[in-house]
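Here is the structure we will look at.
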Amino acid sequence: MCGRIVEVEAYHQDRDRASHSYDGPTQRNRVMFGPPGNLYVYFIYGIHFCMNVVSEPESLSVAVLIRALEPVTGIDTMRRLRGERVPDRNLSNGPARCCQALAVNREQDGTCLQGPDLYLEQGSPCPPDQVVAATRIGITKSVELPWRFLIKDNPHVSRKTATAVKRRG
DNA sequence: AGGATGATGAAG
DNA sequence: TTCATCATCCTA
């Protein structure tokens, strides 16, 4: 199966208190301190997995959380992994859903993203004016950093930005 | 449509 | 105790 990345968040060791790497290496986050191009998978809330792409040279400890994918191929496989009754738009609109849709779990922690089974490839370029920056989701520290990036009006992002107008009854 | 909640584990 | 979440169950 294959999905186009439509929403990500950046996590940085310096000044970013929301980053797993902020307090230095641990058993869990050690992949973040390794070479770029590897996948950092962590287990969260006792139930879910989330995946990040290590994106900067070794020990800088910068990673990009994959928050949403637009399903491209293998949609039937994704649905089998996510649940038969799950509609297309809910297959991979969320970090834990992305992992479930691509069958990513702790076995993939630290794997290279040019592997035979799991890999990242360059897609068609997205026009810069369609990329929206926003604040990150689900964090309580360093909330002000606008390091969530998503494609404008893409229906597969995990949630809309706060620009939606609320209609009053 | 939107808010509350429970599930459940790793790290400090 | 906190936490880079989600499905399900409410209320309206």
Side-chain angles (χ1 to χ4, degrees), chain A residues 1 3 5-34 36 38-56 60-71 75 77-111 113 120 131-151 153-169:
Chain A
M1 47 284 195
I5 298 172
V6 295
E7 178 185 351
V8 298
E9 284 176 2
Y11 288 89
H12 197 287
Q13 182 178 18
D14 294 331
R15 306 186 308 282
D16 180 7
R17 291 178 303 141
S19 174
H20 286 176
S21 61
Y22 181 75
D23 289 320
T26 65
Q27 192 56 239
R28 176 175 66 161
N29 68 16
R30 66 199 158 81
V31 174
M32 286 185 78
F33 290 84
N38 286 345
L39 194 69
Y40 166 45
V41 181
Y42 63 90
F43 190 56
I44 193 171
Y45 297 124
I47 305 191
H48 302 294
F49 293 101
C50 296
M51 61 173 148
N52 300 251
V53 178
V54 180
S55 58
E56 295 293 323
L60 282 184
S61 195
V62 177
V64 174
L65 172 70
I66 309 298
R67 280 200 60 91
L69 301 170
E70 176 177 333
I75 295 181
T77 308
M78 292 187 190
R79 183 170 287 105
R80 175 154 25 89
L81 290 162
R82 292 270 302 120
E84 295 296 339
R85 311 182 355 160
V86 174
D88 281 10
R89 70 161 34 75
N90 289 341
L91 284 177
S92 51
N93 60 338
R97 292 169 176 177
C98 289
C99 284
Q100 197 177 8
L102 294 184
V104 166
N105 55 56
R106 53 168 59 84
E107 294 174 20
Q108 280 76 40
D109 185 37
T111 59
L113 282 169
L120 192 63
V131 178
V132 178
T135 53
R136 297 176 293 181
I137 292 175
I139 58 171
T140 56
K141 291 177 281 192
S142 295
V143 177
E144 70 285 355
L145 298 174
W147 288 352
R148 175 181 176 228
F149 303 97
L150 53 106
I151 296 180
D153 296 328
N154 187 288
H156 298 277
V157 300
S158 63
R159 57 168 99 155
K160 302 291 181 193
T161 44
T163 56
V165 178
K166 186 164 188 173
R167 187 180 303 273
R168 81 174 73 222

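So you know, we letter chains A, B, ... as the sequences are listed, proteins then strands, and number each from 1.
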TODO: Output yes when a side-chain donor or acceptor of A/S21 lies under 3.5 Å from a complementary backbone atom of A/S61, and no otherwise.
DONE: yes
Task: For atom CD1 of A/I47 and atom C1' of B/dA10, their distance in whole Å - done: 14 Å
Open item on the list: So, OP1 or OP2 of C/dA4: does either fall under 4.0 Å of a side-chain N or O from A/S19?
Closed with: no
Open item on the list: The side chain of A/Y40 is closest to which nucleotide in this list: C/dA4, C/dC6, B/dA11?
Closed with: C/dA4
Task: Nearest-angstrom distance from the residue atom CG of A/N29 to P of C/dA4 - done: 13 Å
TODO: For A/E9 and A/I137, indicate whether the former's side chain and the latter's backbone hold a donor-acceptor pair under 3.5 Å.
DONE: yes
Task: Donor-acceptor contact present, side-chain A/N29 to main-chain A/H20, <3.5 Å - done: yes
Open item on the list: Using OP1 and OP2 only, check whether a side-chain N or O of A/R67 sits under 4.0 Å from C/dT5.
Closed with: yes
- [ ] Mind checking A/I139 for me? I need base, sugar-phosphate or nothing, with any heavy atom below 4.0 Å counting as a touch.
- [x] sugar-phosphate
Task: Length of the line joining A/L145:CG and C/dA4:C1', which is rounded to integer Å - done: 13 Å
- [ ] Can you figure out which of B/dA11, C/dA4, C/dT5 approaches the side chain of A/I137 most closely?
- [x] C/dT5
Open item on the list: Within the 4.0 Å limit for protein heavy atoms, which parts of nucleotides 7-12 of chain C are touched? Write it as a string from 5' to 3', B for base, S for sugar-phosphate only, - for none.
Closed with: S-----
TODO: Taking A/E56 for its side chain and A/P36 for its backbone only, find out whether a donor-acceptor pair lies under 3.5 Å.
DONE: no
TODO: Specify the separation, in whole Å, of atom CZ of A/F43 and atom P of C/dA4.
DONE: 15 Å
- [ ] Using modelled atom types only, decide if a donor and an acceptor are shared between the side chain of A/E7 and the backbone of A/S158 within a distance under 3.5 Å.
- [x] yes
Open item on the list: Output the rounded distance in Å from CZ (A/F49) to P (B/dG9).
Closed with: 11 Å
Open item on the list: Looking only at side-chain N and O atoms, does A/R89 offer a donor or acceptor that is under 3.5 Å from a partner on A/N93?
Closed with: no
Open item on the list: Given C/dC6, C/dA4, B/dA10, identify the nucleotide with an atom nearest to the side chain of A/I44.
Closed with: C/dA4
Open item on the list: Considering every strand and a 4.0 Å limit on heavy-atom distances, what is the contact class for A/D23: base, sugar-phosphate, or nothing?
Closed with: nothing
Task: Who pairs with C/dA4 - Watson-Crick or G-U, where each distance is under 3.5 Å - done: none
Open item on the list: Heavy atoms only, 4.0 Å cut-off, all strands: where does A/A96 land among base, sugar-phosphate and nothing?
Closed with: sugar-phosphate
Task: Residue whose nearest DNA chain C nucleotide is more 5′ - A/S158 or A/K141 - done: A/K141
Open item on the list: Distance check, P atoms only: B/dT5 and C/dA12, in whole angstrom units.
Closed with: 14 Å
TODO: Just call it for A/Y45: base, sugar-phosphate, or nothing, with non-hydrogen atoms closer than 4.0 Å on any strand.
DONE: base
TODO: Can you tell me the distance, in whole Å, between the OH atom of A/Y42 and the C1' atom of C/dC6?
DONE: 13 Å
Open item on the list: Between P on B/dA1 and CZ on A/R159, what's the gap in Å once rounded to a whole number?
Closed with: 17 Å
- [ ] Please state how far atom CD in A/Q27 lies from atom C1' in B/dG9, giving the value in whole angstrom units.
- [x] 15 Å
Task: Donor-acceptor contact below 3.5 Å, side chain A/R67 vs main chain A/R148 - done: no
TODO: Taking A/R136 for its side chain and A/A10 for its backbone only, find out whether a donor-acceptor pair lies under 3.5 Å.
DONE: yes
Task: Minimum-distance nucleotide (side-chain atoms of A/R106 versus C/dT5, B/dA10, C/dA4) - done: B/dA10
TODO: Indicate, with a heavy-atom threshold strictly under 4.0 Å, whether A/R136 touches base, sugar-phosphate, or nothing.
DONE: nothing
